[in-house]
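What follows is a set of notes on a single structure, which appears directly below.
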Amino acid sequence: VKSDLRDAINTILRYITYIMIPTAILLATSQFLADNTFDDSIIATVAGLVGMVPEGLVLLTSLVFAVSAMALARQNVLVQELPAVEGLARVDVICLDKTGTLTEGTPQFGRIEPLDGSSGLDEVLGAFAAASPAENSTIRAISTAFPSPPDWRVAATVPFSSARKWSAVSFEGHGSWVMGAPEVLLRDSLDREMRERADSLARSGLRVLLLSRVEEAVTQEELPPRLEHTALLVIEEKIRPDAADTLEYFMDQGVGIRVISGDNPRTVGAVAERVGVPGADAPVDARKLPTELDGLSDVMHDRTVFGRVVPEQKRMMVHALQSDGHVVAMTGDGVNDTLALKDADMGIAMGSGAPSTKSVAQLVLLDGRFSTLPRVVAEGRRVMANMERVANLFLTKTVYAALLAIGIAIIAWPYPFLPRHISLVGSLTIGIPAFVLSFAPSKKRYRPGLLRRVLYFAVPAGFIAAAATFTANAMARAHGASLEESRTVAVIVLTIVGLAVLAYLSRPMFSWRGALVAVMSGSFVGVLAIPWFRDLFQLDLPGLIVMLQSLA
């Protein structure tokens, strides 16, 4: 699963590991040279190394993902891979299938429009539907409208394929029948009037099928040479009432819309236009699309609505958008969407869809409500915004711990912290606040480059914290403070700078975030003021002059 957050954390941990190994050797050697005992040297080295580890960041990330997955489950969204929570926050193009996404997934049979005066088509349609697989929503609509006649025996069938756009059934004593897309079956130039009639119906947003008769049995996956066209079948689809508002939300958020469907381009364009998709008045027939990735990428950049798309083309379209630098989400519910769902950065399946689509998708909308997606986006943005803030806290600690360890090692002073001091400072300035902040509400839009932004903040913040702590420790030593007193000075200064970093990242302060910073500050004052806590953390308050210098 592609996860900016997880990739950033893994990169941070990898480089911290590289830094820790030489730092450990350098720090351990310097502590021996600083006239410490063996035990004191090991303890000081451990304190320096533990401070460099952003302990809790990985755990907190997994915990936030899990809690978000539970929150989305209450909205009937099944998260099948935890990092997928952040996925829609990064998406900048969403590809939609028309049927089951823009329209409800249960089409209804509309009417028969005879072409040659044929009668008795009700029985033909009933028998055809009974002989075809029931997984096809169009076949289910026909079988609901026309019962199967009892005396029709099936001789051979050619099941429907998204690639060829037709299916066929041969009956004993009743001939062979082919049903499919009009533009595929109408191959003769003499069929122009029928084609125009089918196109006229498609432009109104209706799905149109052509029913044709053929004398010989259809047993191969090739159309017979002579077809007798008998009727146009009109399938009506109801547009989802929430589709227009959901698409408007995505467009307001700067997310591009691409409607990709296997239906007639005119039908897809008419439906897309009714829900407000820009560029829907110029749908593209996918049979005329270029096959090379570069050419397809150019078309996908300029056009938004595509019809007569075969499954492999859907996959290629996803690849073309990705090659142009886009983060792509794909929604769908049919078997023909499986390949594209699998290869998209974020696959979203409808709960009523085929098992194969739900098995490869990262998110499943269990109730099939397209309007749920904005809430998923909001949850992903909340996670990313909060975890970026939390990562700033953890990485600031890593930077100042590494700088202090290297600086102290170079001049061979005793390390200014014990492991328990690192625990105290880390808990009050990072651990507890990070846990609370990671669940805060946030609508901040995600921008790529998380690791770069975290480093841009954490490196200077960590340098300031390390420099202030090092200076305060040096001043305390210059005034003849004991090792315990100079360590206490370092703890006080580092905690104050850490609380300042926390306050900066918690803005606005006139809210519960300000109260959080105040509680952490009060807790530290309590640790210094209560003798039992001072003894527990081995803190020894210095004289007035040193204390004032530390505060300054």
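- Under the 3.5 Å distance criterion, the side-chain polar atoms of Gln31 are left unmatched by any main-chain donor or acceptor of Ala409.
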- Verify side chain to side chain contact (heavy atoms under 4.5 Å, CB included) between His421 and Thr488, making sure each step is shown before the conclusion. CA-CA 9 Å; His421 295 156; Thr488 302; 5.8 Å; no
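- At a threshold of 4.5 Å between non-hydrogen side-chain atoms, the residues Val497 and Thr469 do not count as touching.
- Distance check, rounded to the nearest 0.5 Å: OH of Tyr400 to CG of Leu494 gives 4.0 Å.
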- Task: Could you walk me through whether Lys397 and Ile422 pass the side chain to side chain contact (heavy atoms under 4.5 Å, CB included) test, one step at a time?
- Result: CA-CA 10 Å; Lys397 171 175 172 282; Ile422 297 295; 4.3 Å; yes
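- A distance below 6.0 Å separates the ring centres of Phe470 and Trp413.
- Put simply, CE on Met70 and CD on Gln75 are 13.0 Å apart, with the number rounded to the nearest 0.5 Å.
- A distance of 14.5 Å separates NE2 of His319 from CG of Asp324, quoted to the nearest 0.5 Å.
- Taking all atoms of both residues into account, the shortest heavy-atom contact from Leu82 to Ser62 is CD1-O, 4.4 Å.
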- Start with the C-alpha distance between Leu78 and Leu363, add both sets of side-chain angles, then the distance that settles side chain to side chain contact (heavy atoms under 4.5 Å, CB included), and finish with yes or no. CA-CA 6 Å; Leu78 175 62; Leu363 295 176; over 6 Å; no
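- In this structure, Arg534 has no side chain to side chain donor-acceptor pair (under 3.5 Å) partners at least two apart in sequence or on a different chain.
- Within the 3.5 Å criterion, the main-chain N or O of Val79 finds no donor-acceptor partner in the side chain of Gln362.
- When all heavy atoms of Leu321 and Cys95 are compared, the closest pair comes out as CD1-SG, 3.6 Å.
- Among Lys342, Arg315, Lys314, the single residue meeting the side-chain hydrogen bond (donor to acceptor under 3.5 Å, both in side chains) criterion with Asp337 is Lys314.
- Listed here is the closest heavy atom pair of Ser506 and Arg513: O-CD, 2.6 Å.
- Ion pairing between Glu484 and Arg487 fails under the 4.0 Å rule for side-chain N and carboxylate O.
- Counted by atom type alone, Asp345 and Gln322 present one or more donor-acceptor pairs between their side chains at under 3.5 Å.
- With contacts defined as side-chain heavy-atom distances shorter than 4.5 Å, the pair Leu373/Ile348 qualifies.
- Between the side chain of Lys358 and the main chain of Ala349, no donor-acceptor pair closer than 3.5 Å is present.
- Around the CG atom of Asp294, the shell of radius 6.0 Å holds no more than 12 heavy atoms that belong to other residues, nucleotides or ligands.
- The two residues Thr17 and Leu13 come nearest to each other via the heavy atoms OG1-O, 2.8 Å.
- A 4.5 Å side-chain heavy-atom check between Val299 and Phe306 finds at least one atom pair inside the cut-off.
- For the pair Leu502 and Leu437, the minimum side-chain heavy-atom distance is below 4.5 Å.
- For the residue pair Ser68 and Glu379, a side-chain donor N or O sits within less than 3.5 Å of a side-chain acceptor on the partner.
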- Item | Derivation and outcome, salt bridge (charged side-chain N to carboxylate O under 4.0 Å, His left out), residues Glu86 and Arg90 | CA-CA 7 Å; Glu86 76 172 76; Arg90 300 187 293 112; 3.2 Å; yes
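- One distance of note links CG of Leu424 with CZ of Phe417; it measures 10.5 Å at 0.5 Å rounding.
- A distance of 8.5 Å separates CZ in Arg258 from CD1 in Ile260, rounded to the nearest 0.5 Å.
- Atoms CD1 and OG, on Ile432 and Ser523 in that order, are 7.0 Å from each other to the nearest 0.5 Å.
- Residues Val546 and Met475 fail the side-chain proximity criterion, which asks for heavy atoms closer than 4.5 Å.
- Residues Met316 and Thr291 form no side-chain contact, since every pair of their non-hydrogen atoms from C-beta on lies 4.5 Å or further apart.
- Contact detail for Arg303 and Ala282: the closest heavy-atom pair is NH2-O, 3.1 Å.
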- Message: Does Leu393 form a side chain to side chain contact (heavy atoms under 4.5 Å, CB included) with Phe457? I'd like the steps, not just the answer.
- Response: CA-CA 9 Å; Leu393 287 173; Phe457 175 85; over 6 Å; no
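- Smallest separation of non-hydrogen atoms from Ser438 and Asn386: O-ND2, 3.3 Å.
- A side-chain donor-acceptor contact under 3.5 Å links Ser356 and Thr338.
- You'll find the side chain of Leu365 stays beyond 4.5 Å of the side chain of Asn76, heavy atoms only.
- With sequence neighbours left out, Asp97 forms a side chain to side chain donor-acceptor pair (under 3.5 Å) with no residue at all.
- Ring-plane geometry between Phe533 and Phe537 is classed as parallel, the angle between the planes falling under 30 degrees on a 0 to 90 degree scale with a further cut at 60.
- For Thr429 (side chain) and Thr495 (main-chain N/O), no donor-acceptor pair under 3.5 Å exists by modelled atom type.
- At a threshold of 4.5 Å between non-hydrogen side-chain atoms, the residues Tyr415 and Ile43 do not count as touching.
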- Item | Asn392 vs Arg389, side chain to side chain donor-acceptor pair (under 3.5 Å): CA-CA, chis, key distance, verdict | CA-CA 5 Å; Asn392 281 324; Arg389 182 186 294 115; over 6 Å; no
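- Annotation: Arg477, atom CZ; neighbour count of heavy atoms from other residues, nucleotides and ligands within 6.0 Å is above 12.
- In this view, Ile16 and Ile12, Met20, Pro54, Thr398 satisfy the side-chain contact (heavy atoms from CB on, under 4.5 Å) rule, not counting sequence neighbours.
- In this structure, Arg507 satisfies the cation-pi test against Tyr504, with its NZ or CZ atom closer than 6.0 Å to the six-membered ring centre and inside 45 degrees of the ring normal.
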